[in-house]
Amino acid sequence: MCGTCGCGEDNSIRISKPGKENKLHHHHNNHNHTHDGNEHSHDHSHQHYHDHSHSNDHLSETSEHAHDHHEHHHDHSHKTEIQLELDILQKNNLLAERNKGYFEAKNIIALNMVSSPGSGKTCILERTIKHLSKDIKLSIIEGDQQTMNDANRIESAGAPVVQINTGSGCHLDADMINKAVKELEPENNSILIIENVGNLICPSMFKLGESKRIVIISITEGEDKPIKYPDMFRSSDICIINKTDLAPYLDINIEKIKEYALHVNHHLKFFEMSAKTGEGMDEWYEWLKKLNI
Amino acid sequence: MHELSIAMNIVEIANEEAEKANVTLVREIDLEVGTLSGVVIEALEFAMDEAVKNSVLQNAKIKIRKVSAKAKCLKCSTEFPVEDYYTPCPECNNFETELINGKELKIKSLVIDK
């Protein structure tokens, strides 16, 4: 079963550079297999025998969940309670901190870009790379369920890139970034931009080791998106409002988007831009340059 | 549906703790989930059904304690219950608030036979 999101049967994560596809085949449970060719036929034996007979399994009206609990009373057993107080996401959080330490030591500013699919993340990156690659060393990690398309676009724009294909997974996690960074080998004193899987829900819970999280909303998505999907806006530092060139054709008030976003997170800093025309991007470029100092 | 990866994290931690305590089965696990943690309790329960199979938690009673979210106004310090991030302070109508509770996502304890 896919541990990333549960929606598939296979659990394979692929990390590849353009032209060297499927070089690294990574499974979530930390087994890595390196392949030289393109063939990778892994029979996963994560078979889960699921006899569909849970007629009265779900007692979700109470918050206690009864799990086919067999009450065997063994004579000599004593119940012992182990107090843990452990954060369930501690593994990911710890690994994210490790990534962060690596970035700090190399003076790499890591940015995690999150949004719905189609908000223009890749387009913003393409224009940014073309404009800034003389001034700043930029490298990119692309996250998508399938295809090398985004990595190919980034490579054409002129930045080193590694593509993570999450298979059926709905978000990137710190472990994937840890492995992708080893492939990418970003330079010292550079900016690493991680384009997360297009999904406005799941990636919000998974820190990657970024120094800033950037949420992108395009103005076609509606004014109230920040309060419909508040977790992502709450956990971000920066909000890019993209596709402003479409404003004349839409019945939308950009100030209203900002107002809703600020209700969810009053710390947000905004950039308004059109990655298509380049309008409004200078302020973004200046901000990136300041980060890189 | 990130709840499955959360469920698998829970199982992984329980496996490690059981190994440390030198037991092969856990009798009970207590979890704490905040209403603004990003995890839907019903979805987590559903995911746990699958995730516990063939693990130390396979027969365990899974208790999930829901922690209701509470915020504090940064202007007037009023504390009030919230169901979302954008409820203004009921006293002064200010949107600048901070959460006091609601982000919990924890394994509180395990009960083992020993």
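Protein chains get the first letters and strands the later ones, always in sequence-line order, with residue 1 at the start of each.
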Top of B:N9, B:I107, B:V33 for chain A proximity - count of heavy-atom pairs under 4.5 angstrom: B:I107

What's the shortest heavy-atom distance between A:V264 and B:Y86, and which atoms? CG2-CD2, 3.9 Å

Around atom NZ of A:K269, are there more than 12 heavy atoms from other residues, nucleotides or ligands closer than 6.0 Å? yes

Portion of B:E16 that has a non-hydrogen atom of chain A nearer than 4.5 angstrom: side chain

So, taking the atom named NZ in B:K20 and the one named CD1 in A:I82, what distance separates them when rounded to the nearest 0.5 Å? 9.0 Å

Show your reasoning for whether side-chain contact (heavy atoms from CB on, under 4.5 Å) applies to A:K79 and B:D113. CA-CA 5 Å; A:K79 273 198 194 179; B:D113 285 329; 4.2 Å; yes

Atom pair NZ (B:K108) and CD (A:E85), whose distance is rounded to the nearest 0.5 Å: 3.5 Å

Which atoms of A:H266 come close to chain B, meaning under 4.5 Å heavy atom to heavy atom: side chain ones, backbone ones, both, or neither? side chain

Taken to the nearest 0.5 Å, the spacing of A:I88 CD1 from B:L44 CG works out to 7.0 Å

Report the distance from atom NE2 of B:H2 to atom CG of A:D173, rounding to the nearest 0.5 Å. 13.5 Å

Residue pair A:F206 / B:I6: nearest heavy atoms and the distance that separates them: CZ-CD1, 4.4 Å

So, the part of A:S204 with a heavy atom under 4.5 Å from chain B: the answer is neither

Does a sphere of radius 6.0 Å around CD in A:Q90 hold more than 12 heavy atoms from other residues, nucleotides or ligands, not counting ones at 6.0 Å or beyond? yes

Could you go through B:S5 and A:M205, starting from their C-alpha distance and side-chain angles, then the distance that decides it, and tell me whether this counts as side-chain contact (heavy atoms from CB on, under 4.5 Å)? CA-CA 11 Å; B:S5 73; A:M205 292 185 72; over 6 Å; no

Could you tell me whether A:K225 atom NZ has more than 12 heavy atoms of other residues or ligands within 6.0 Å of it? yes

So for B:L74, is it side chain, backbone, both, or neither that comes closer than 4.5 Å to the heavy atoms of chain A? side chain

How far does OG1 of B:T87 sit from CD1 of A:I227, to the nearest 0.5 angstrom? 10.0 Å

With a 4.5 angstrom heavy-atom cut-off, could you sort out which part of B:L110 is near chain A: side chain, backbone, both or neither? both

Between CG on residue A:N265 and CD on residue B:E96, distance to nearest 0.5 Å: 10.5 Å

Nearest atoms (heavy-atom pairs only) where B:L105 meets A:L89: CD2-CD1, 3.9 Å

Part of B:A21 within contact of chain A (heavy atom distance under 4.5 Å): side chain

B:I29 versus chain A, heavy atoms under 4.5 Å apart: side chain, backbone, both or neither? neither

Looking only at heavy atoms, which two atoms of A:R234 and B:T97 are closest? And how far apart? NH2-O, 4.0 Å

